[in-house]
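Structure, as structure tokens:
Each chain gets a letter, A, B and so on, in the order its sequence line appears, and its residues count up from 1.
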Amino acid sequence: MIAWKIGGEQGEGIDSTGDVLSTVANRMGYFVYGYKHFSSRIKGGHTTYKVRISASRVEAATEHTDILVALNQETIAKHAGELDGGFLLADTAFKPVLPDHVNATLIALPLADMAKSHGSILMRNMVAVGASAALINLPTEPFLAYIESKFKAKGDSIVAANQSALLNGYQHIRQEYPNFSSLTLPPPTPGDRLVLTGNDALALGALAGGCRIMCGYPITPATDIMESLSKWFPLVGGVVVQMEDELGSITACIGAGYGGARAMTATSGPGFSLMQEGIGLASMAEIPVIIVDTQRSGPSTGMPTKPEQSDLMAMIYGGHGDGPRVVLAPSSPEETFEDGYQAFNIADILQTPVIIATDLALALWSQTVERSALDGPSVPIDRGATVTADELRALGDSVFLRYAITADHISPRALPGTANGQHLATGVEHQPNGKVSEDPVNRSRMMDKRLAKLAKVHEMRPGIKWEGPADADLVMLAIGSTVGAIREAKEILVAEGYRVAISWLRTLSPFPTAEFRQAFAQARKILIVEQNATGQLALLMRQAGVFDPLRCEQLLKYDGVQFFPSEIVSRARPLLTQYAEVTH
Amino acid sequence: MATLQDFKTEEKSWWCPGCGDFGVLAAMQKALVAVGAEPRTTAIVAGIGCSGKLGNYINSYNIHVTHGRTLPAALGLKLANRDLLVLAAGGDGDAYAIGMGHFMHALRRNVNVTYIVMDNHVYGLTKGQTSPTSESGFKTKTTPKGSIDRPVHPLMLAVSAGATFVAQGFSSWQPQLARLIQQGIQHPGFALINVISPCVTYNKVNTYDWYKKTLLNLDDDPSYNPHSRPEALARLDATDELVTGLIYQEESEPYETQIAGFRDTPLVAQDWHVDNATWNQILKSFE
């Protein structure tokens with residue numbers, strides 16, 4: 001496993017440099033995980049992009065860095081400490097200084113001058129990639145092929161200039177530092193794999209699942225979903241509407257859902273707060289709608305570019321009144337894809353708002369995914385119960401009962417356009433025929449029906465996932481992007497000889513209480529790892545009656561930095577040791 | 001062919017006797033018959049307030065949404081099924097206070113939806129507070145010494161904001177109102193019809209009699225050209241918007257016909273599976 005990082009000013013092509021390395025490594029058959037540190041500004045300000053490259057799946061951040069490419073001294077000051085025996089590749093232009101306490105090899109090379117010699121300082125990043133490839137001992141051919149495909153449209157001279165810049169960086173290391181023992185990776189396992197983010201996976205899932213209307217308002221870190229669908233929808237006859245605000249976004253989706261199409265909106269905390277009234281409407285009027293909340297640090301504007309998992313209460317209980325809704329929680333691009341299409345089936349079948357809870361790290365960080373996990377054309381599409389034209393004709397002069405009381409609490413819909421199915425759908429409490437009612441008996445029945453139908457979601461998908469022995473000494477529990485971190489922590493602990501498992505929730509609401517109780521019955525200790533200050537996941541467990549204070553421990557983080565496996569290991573190890581002392 | 005009876009329901013009205021909204025409902029039903037609409041392909045999106053109860057009294061597909069949000073819902077509904085005749089209806093508070101943001105953007109988006117605002121210059125259902133169209137000095141429970149806000153001028157706003165069809169009717173003048181709604185439905189784009197719909201309970205100033213004395217009927221002025229934006233703005237300004245008739249209309253191409261790749265078949269009637277070729281083309285960018 002290699003951890004490579006580049007640092008400089010925002011707007012200096014940091015992201016594209018990281019993209020080159022991760023794309024090429026992925027094409028070679030390695031697994032990558034790419035993530036960045038960025039701020040809420042367009043240009044300027046310190047930024048970094050880190051790529052972990054491995055011969056096996058990788059899905060978490062790390063504190064450690066093997067190669068640090070520094071485009072300025074600030075990068076060295078901030079990140080050289082992550083190097084432990086690694087390489088610091090820096091541009092001679094800013095006269096880089098390696099701090100005394102850092103155990104690393106400084107390789108100063110004239111990145112900017114070398115780039116200029118090939119035509120433009122913009123190619124500084126290609127020189128850096130070439131030099132990095134030499135240090136990791138990667139062949140140059142895949143990089144040259146990538147450059148050709150990437151810049152083909154810009155002309156042969158651009159391709160040639162970028163290729164020679166990359167080779168220049170590569171050869172410089174080989175010639176100037178022939179005696180360096182380079183870092184090495186195990187051989188790759190070639191396969192048919194892609195690199196994508198959770199937002200990419202979500203948009204792909206929605207597209208595959210029949211979503212054809214996306215109404216949204218730009219917000220970090222959700223905007224990519226809207227941008228991707230803007231590119232793809234013309235191919236399938238869909239439409240993206242950039243609305244005036246999030247109130248409009250969700251209500252437009254509800255209008256579309258009432259019309260029988262599949263619509264979604266995607267937002268983050270501040271937008272999600274505005275959508276609460278719409279979620280209530282969809283819950284009350286039993287209209288399918290999908291809302292993606294790519295959680296970020298809150299409350300209010302919070303830290304717009306920093307990860308957090310602190311909207312759980314807002315997603316499950318937000319808004320006034322009792323507004324039942326389903327909340328799904330994917331933890332990887334594959335699960336995000338799955339939820340991306342399945343949410344629409346659930347929403348149509350249960351006639352309710354379905355929220356997909358992702359978070360900034362899951363939404364934005366890219367990683368290797370098997371192409372076979374993204375089989376869009378064959379995903380199931382189930383539009384839920386609707387009344388047929390024949391059934392409506394048979395009604396004669398009777399009125400169609402849109403909110404009929406049924407055994408499974410689901411009242412088949414009549415979609416606008418169907419003869420004899422005219423009715424009123426409303427956010428006001430209503431009778432089975434849709435007309436307004438304040439009758440106490442009717443009110444209770446309607447509320448019970450809206451609440452009860454949701455349990456069916458547990459027949460449609462697993463509520464929790466588990467990896468490891470059922471009777472583990474410690475099970476680490478998380479949601480979203482934190483699952484990648486607990487999985488890596490588990491690998492470390494297992495290697496140390498501990499008996500450890502991990503678990504993650506796939507459905508947050510309704511809470512999969514029975515499944516949870518059964519899965520956790522034999523676990524000796526439970527470490528709940530979540531990225532918020534109030535322990536919202538633990539609160540959900542308490543509310544469900546599955547928080548056992550004698551077995552549960554919590555690890556909370558809310559500093560805007562995603563979990564590193566190492567800090568989870570540090571918290572988990574004493575629990576295991578302490579437990580081992582008691583039992584043995 | 002649907003008749004007036006086909007658009008009626010058995011539901012007993014909750015509106016006060018004499019409410020202007022009865023006239024708006026009747027004119028809407030007449031207009032629907034006149035354009036040859038069918039209940040099954042007619043959808044009405046209503047807001048919150050007295051006006052929002054409309055959906056209880058008209059036989060069509062009805063969705064009654066949150067306060068001020070009729071226009072986004074109507075947009076989504078029209079995009080989901082472009083074969084539907086979509087009408088939105090709400091009061092002056094719904095349109096010009098809480099829904100003002102959506103109003104302005106619906107005008108510039110120009111989706112093929114007809115918007116009927118039932119304007120009584122007062123908040124009725126909450127029992128008598130000032131509204132954005134209330135005149136300065138209007139006394140209500142929240143403005144006991146008279147409103148010090150200046151009223152909005154929705155028609156001038158609409159014309160300036162890019163509206164392609166702007167009209168105003170009066171609930172008592174049925175033939176003109178029904179005709180304006182009919183024209184609005186037939187207009188290929190977003191049509192605003194502001195309807196003076198007096199509140200007999202909480203507005204003792206802007207009464208039926210007051211309007212009958214004050215309103216200027218543009219139908220009586222053959223010199224008026226409703227296809228000139230400057231003329232429309234000048235007339236609205238000169239009359240303080242106290243006019244009825246077609247105020248402004250321009251050539252219009254609705255939103256839904258301008259969307260790249262959007263199909264003639266309604267979305268709801270399409271097969272939503274993605275074909276392999278399209279899917280592989282999309283996945284290429286992640287290789």
Side-chain angles (χ1 to χ4, degrees), chain A residues 23 27 194-196 200 204 207-210 212-213 215 232-239 241 243-245 247-249 251-263 277-278 280-281 285 287 371 374 376-377 381 415-428 434-436, chain B residues 9-11 14 38-43 45-46 48 52-53 55-56 59-69 71-81 83-84 101-102 104-105 109 256 259-263 265-270 272-276 278-279 281-283 286-287:
Chain A
T23 304
R27 286 185 185 180
L194 308 168
V195 180
L196 43 85
D200 296 330
L204 287 168
L207 180 86
R212 293 294 177 269
I213 297 178
C215 301
W232 305 336
F233 269 172
L235 304 171
V236 296
V239 54
V241 187
M243 296 296 295
E244 51 275 13
D245 55 35
L247 300 157
S249 301
T251 315
C253 291
I254 293 169
Y258 179 67
R262 291 191 157 180
E277 64 157 40
L281 169 65
I287 295 170
R371 185 194 293 265
L374 306 170
I381 290 179
L415 300 180
T418 320
N420 228 18
Q422 297 89 267
H423 64 269
L424 173 66
T426 172
V428 184
K435 297 290 157 65
V436 171
Chain B
T9 69
E10 303 286 306
E11 200 72 7
W14 285 30
E38 295 289 336
R40 74 176 179 91
T41 46
T42 302
V45 183
I48 297 295
K53 298 192 187 294
N56 284 278
N59 180 33
S60 68
Y61 281 90
N62 286 284
I63 172 169
H64 182 201
V65 297
T66 40
H67 197 20
R69 320 277 174 243
L71 296 180
L75 165 73
L77 182 51
K78 185 71 185 178
L79 294 175
N81 187 346
D83 285 353
L84 296 176
H102 306 307
M104 300 306 284
H105 292 278
R109 217 169 264 133
E256 60 274 20
I259 301 163
F262 205 60
R263 297 168 188 171
T265 308
L267 273 176
V268 63
Q270 294 175 20
W272 295 330
H273 286 95
V274 184
D275 63 75
N276 280 305
T278 306
W279 189 251
Q281 182 191 341
I282 289 168
L283 288 193
F286 302 109
E287 284 172 359

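For A/Thr23, the part lying near chain B is the side chain, with the backbone staying farther off; criterion is any non-hydrogen pair under 4.5 Å. Contact of A/Leu207 with chain B is made through backbone and side chain together, with heavy-atom distances under 4.5 Å. Using a 4.5 Å cut-off between heavy atoms, B/Glu287 contacts chain A through both its backbone and its side chain. For chain A, the nearby parts of B/Thr66 are the backbone and the side chain; heavy atoms of each come within less than 4.5 Å. Looking at B/Val45, there are no atoms closer than 4.5 Å to chain A (heavy atoms on both sides), in backbone or side chain. B/Ile63 touches chain A through backbone and side chain together, each having a heavy atom under 4.5 Å away. Both the backbone and the side chain of A/Ala208 come within contact range of chain B, judged by heavy atoms closer than 4.5 Å. Looking at B/Thr9, the atoms closer than 4.5 Å to chain A (heavy atoms on both sides) all sit in the side chain, from C-beta outward. Of the atoms belonging to B/Leu75, it is side-chain heavy atoms, and not backbone ones, that fall under 4.5 Å from chain A. With a 4.5 angstrom heavy-atom cutoff, A/Ala285 does not touch chain B via any of its atoms.
In this structure, B/Glu38 has no salt bridge (Lys or Arg N to Asp or Glu O under 4.0 Å) partners at least two apart in sequence or on a different chain. With sequence neighbours excluded, the residues that form a ring pair (Phe, Tyr, Trp, His ring centres under 6.0 Å) with A/His423 are A/Tyr258, A/Phe400, B/Tyr61.
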